[in-house]
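Encoded as structure tokens, the structure appears first; notes follow it.
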Amino acid sequence: MFKTTRLYKIINKNVLITCSRLQNTAAAEGQSFRQRAWLLARERYKDHEHVHYSSVLETKLKPSFLIPEAHQHFPEDWMDDYEFYQGAKEGANRQGTPDPSLPVSKVPCNGCGANLHCSNASLPGYIPSEIFRGRTQQELQTISCKRCHFLNHYNIALDVEVAPSTYVDTISRIQDKFALAIVLVDLLDFPCSIWPGMQHILGTKRPVFLVGNKVDLLPRDSNIYLQHIKDSLQREFIKHGGGDGLNIKNISLISAKTGYGIEELITQLHKTWAYKGDVYLLGCTNVGKSSLFNILLNSDYCRPEATDLVRKATACPWPGTTLKLLRFPILRPSSDRVYQRFKRLVSERSARAAMEKERRAVARETGSAAAAQPVASVGRTFDRREDVNDAFAMAAGSRPITTLNHQHKEYKQARWVYDTPGVMQPDQISPLLTAEELVKLQPTTMIRPRTFRLRPQMSILLGGLARLDLLDITSPRKQYDWLKVFVFASEHLPILIADSQAAESVYKRYVGSPFLGVPFASEDLEARLRRWPGLQCRDEDIVLASEERNEGRLNCDITLSSAGWMGFLLPGHSECRLRAWTPHAAGIYKREPALVPLADRLVGKHIKFSLAYNTTKPFVFKK
């Protein structure tokens, strides 16, 4: 009986399989599933000659920036935002007029630090004469310049004339001062965000705190990934910034956006530097100096009474927003204050651990990258002025204090934190991009590596900003047909793979279009492309070699200026030749070892009939 029942099940199953195959064959006219999938894949590229992969075509989704936002017109009534503006007369210019006859003031803009004036609209610190004329020094201390006003209120970056040498001259004053240098580096753009002459400016004996910013955006490939990032940062700073590294007193990883690492940085400043001298925030443009300045301004590192009186520095994606030195007074870390702060941190430890445990559980359950990002709050132990009278009390009939008087007797012996202007690094392509393009270039969440099989004589284009050609791959033991490439860049940058021989014509065909994304323009695209320099390659090809058996660790990275970087997983005992292209061939470096060596853990399975792999969550909780 049992054998008969089993026989019936086998017969029924075979009949169902046969009928299903007959139906599929009739519907697809004799084509198998793989044949139909292959034809469907090639159908997407029939109108795109020499193109083998396009992230725009594969996802069938248009990234948000491919349809440029409507041009933000210059606001006509922007001067009405100023308290001292009395309005324009009928028929008068509502944009304001310069007046070169009025002398430049000695009052700095509270956003960028440039001295306020009304002589020339193209110079830093300009405000129209209708606002500047007749203002007292105390009134000017509450005013921000036109450029900072537009950045803060309208997110519009106005061009100003600043020579690159001016930046270096401004911060060169540190050479003759006994001061600590906090050197900030963008972890998404190094070594391109390390100034080559940094050691010359600082001096070989200058104590240095090396701080890597934007750590929250790097993928987590292991439980010890932060230590590996620290080692890579120190290695690249010594290699490209000069010196032997003996003057590096501390290495910290922070996120000026999420607050991660800030409390630990303040603890190390109290422990190592205490109150010995001033502190300077140094670094290239757009590494987060102003953001860190603003966080420290509202922390235990700043004197409590100065927090409300010192205006925050202007912070935005546009490079060079700080043009002069901004500063705030440091709170002296006496033994009693350090102990009180220690007690606060200990009391918050359990709450922080519980929050971190909850976030990790959410990340594991939902795969949310935001939940896996390192986050921390920056608290205050001394949030009230201790020995200073209430300056805002009106009972005595005195005028309220709205700005910090640096000449006051209580600040004569004070130590200060200075926010310095960023130095324009020659390897950065930020000056070539518009404000809208820079915003799209910055990742908004933890980077998900996008992975591809790149065959010899194929080129991978990262938006319109970079290109990498695989010339050949050789091995004495085995013939390899492809190389595994990992792309680390903003999710908004499209990726396109084409034949290397036709890569230049493909680039010209699609630059300015949705298939390459950046550069783009909301109005006059032709004018934007005329200003765009295109891509140029290095004089020498890049050779990568793997002498041992590969164990799933990336061999090295190739940095592509501010666009991002690519990691490579070479087969064991093999060698390949690459050719990299960026605007002016800037920012192309070979970085060994790779910054995210175990990125292969963060990649899904290979997609059939495609060069791409599935993307997965950008984090793991493994050793």
Looking at every heavy atom in both [X] and [Y], which two are closest together, and how far apart are they?
X	Y	result
Tyr225	Leu218	CE1-O, 4.3 Å
Phe619	Ser368	CE2-O, 3.5 Å
Cys118	Pro128	CB-C, 4.0 Å
Ser144	Leu116	C-CD2, 4.5 Å
Gln234	Ile248	CG-CD1, 4.4 Å
Lys289	Thr420	CE-O, 3.1 Å

Got a sec, which residues hit ring-ring contact (aromatic ring centres under 6.0 Å, His included) with Phe237, two or more places apart in sequence or on another chain?
->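 Testing Phe237 for ring-ring contact (aromatic ring centres under 6.0 Å, His included), a comparison that skips the adjacent residues, returns none.
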
Apply ring-ring contact (aromatic ring centres under 6.0 Å, His included) to Tyr589 and list each qualifying residue two or more places apart in sequence or on a separate chain.
->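 For Tyr589 the ring-ring contact (aromatic ring centres under 6.0 Å, His included) partners, ignoring immediate neighbours, are His240.
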
Apply side-chain contact (heavy atoms from CB on, under 4.5 Å) to Leu188 and Leu217, showing your working.
-> CA-CA 8 Å; Leu188 304 183; Leu217 300 177; 3.6 Å; yes

Do you know which of Val287, Ile254, Leu233, Asn250 makes side-chain contact (heavy atoms from CB on, under 4.5 Å) with Val211?
->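 Testing each of Val287, Ile254, Leu233, Asn250 against Val211, the sole residue satisfying side-chain contact (heavy atoms from CB on, under 4.5 Å) is Ile254.
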
Going through the checks in order, is the salt bridge (Lys or Arg N to Asp or Glu O under 4.0 Å) test met by Arg303 and Glu410?
-> CA-CA 11 Å; Arg303 293 183 61 158; Glu410 67 175 307; 3.1 Å; yes

Can you find a side-chain donor-acceptor pair between [X] and [Y] that sits under 3.5 Å?
X	Y	value
Ser193	Gln425	no
Ser430	Asn286	no
Ser299	Glu263	no

What residues form a salt bridge (Lys or Arg N to Asp or Glu O under 4.0 Å) with [X], not counting sequence neighbours?
X	value
Asp99	Arg133
Arg352	Glu348
Glu236	none

Could you tell me which residues satisfy side-chain contact (heavy atoms from CB on, under 4.5 Å) with [X], sequence neighbours excluded, listed by chain and number?
X	value
Lys276	Phe178, Trp273
His270	Ile266, Tyr301, Pro333, Arg341
Arg415	Tyr275, Asp278, Ile330
Phe342	Val346

Phe328-Phe293 aromatic ring centre distance below 6.0 Å =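 Distance test on ring centres: under 6.0 Å, yes.
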
Starting at [atom1] of [X], measure out to [atom2] of [Y] and round the result to the nearest 0.5 Å.
X	Y	atom1	atom2	result
Phe488	Ile447	CZ	CD1	8.0 Å
Phe209	Leu281	CZ	CG	12.0 Å
Leu226	Ile224	CG	CD1	10.0 Å
Cys284	Trp195	SG	CH2	7.0 Å
Phe382	Cys302	CZ	SG	12.5 Å

Under 3.5 Å, side chain of [X] to main-chain N/O of [Y], donor-acceptor pair present?
X	Y	value
Ser561	Ala563	no
Thr559	Gly587	yes
Glu130	Thr97	yes
Thr272	Leu269	no
Asp557	Leu595	yes
Asn213	Ala256	yes
Glu437	Thr434	yes
His117	Ser119	yes
Asp427	Cys192	no

Would you verify whether the NZ or CZ of Arg591 falls within 45 degrees of the ring axis of Phe190 while also being under 6.0 Å from that six-membered ring's centre?
->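 Here Arg591 passes the 6.0 Å and 45° test against Phe190.
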
Sub-4.5 Å side-chain heavy-atom contact between [X] and [Y]:
X	Y	answer
Leu441	Leu465	yes
Val107	Ile143	no
Leu292	Leu184	yes

Let me see the working for Ile229 and Leu187 under side-chain contact (heavy atoms from CB on, under 4.5 Å), right down to the final yes or no.
-> CA-CA 9 Å; Ile229 295 171; Leu187 293 176; 4.1 Å; yes

Show your working on side-chain contact (heavy atoms from CB on, under 4.5 Å) between Tyr280 and Leu180 and close with a plain yes or no.
-> CA-CA 6 Å; Tyr280 286 78; Leu180 172 71; over 6 Å; no

Give the C-alpha distance, both sets of side-chain angles, the deciding distance and a yes or no for side chain to side chain donor-acceptor pair (under 3.5 Å) between Arg327 and Tyr418.
-> CA-CA 4 Å; Arg327 63 178 180 173; Tyr418 290 89; 3.1 Å; yes

Member of Arg337, Arg344, Arg332 meeting the salt bridge (charged side-chain N to carboxylate O under 4.0 Å, His left out) criterion with Asp300 |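 With Asp300 as partner, salt bridge (charged side-chain N to carboxylate O under 4.0 Å, His left out) holds for just one option, Arg344.
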
Step by step, work out the side chain to side chain donor-acceptor pair (under 3.5 Å) result for Asn298 and Thr307.
-> CA-CA 6 Å; Asn298 290 276; Thr307 298; 5.1 Å; no

Among all residues two or more places apart in sequence or in another chain, which pass the side chain to side chain donor-acceptor pair (under 3.5 Å) test with Thr258?
->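 Here the qualifying residues are Ser255.
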
With sequence neighbours excluded, give me every salt bridge (charged side-chain N to carboxylate O under 4.0 Å, His left out) pair touching residues 208-218.
->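 For residues 208-218, and leaving out neighbouring residues, the salt bridge (charged side-chain N to carboxylate O under 4.0 Å, His left out) pairs sorted by first residue read Asp186-Lys214.
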
Exercise answer: donor-acceptor pairs, residues 355-363 side-chain atoms, under 3.5 Å, sequence neighbours excluded:
residue : atom : partner : partner atom : Å
Arg359  : NH2  : Ala370  : O            : 2.7
Arg359  : NH2  : Ala371  : O            : 3.3
Arg359  : NH2  : Gln373  : O            : 3.0

Check the pair Glu436, Lys440 against side-chain contact (heavy atoms from CB on, under 4.5 Å), reporting the backbone distance first and the verdict last.
-> CA-CA 7 Å; Glu436 293 82 4; Lys440 304 305 179 184; 5.9 Å; no

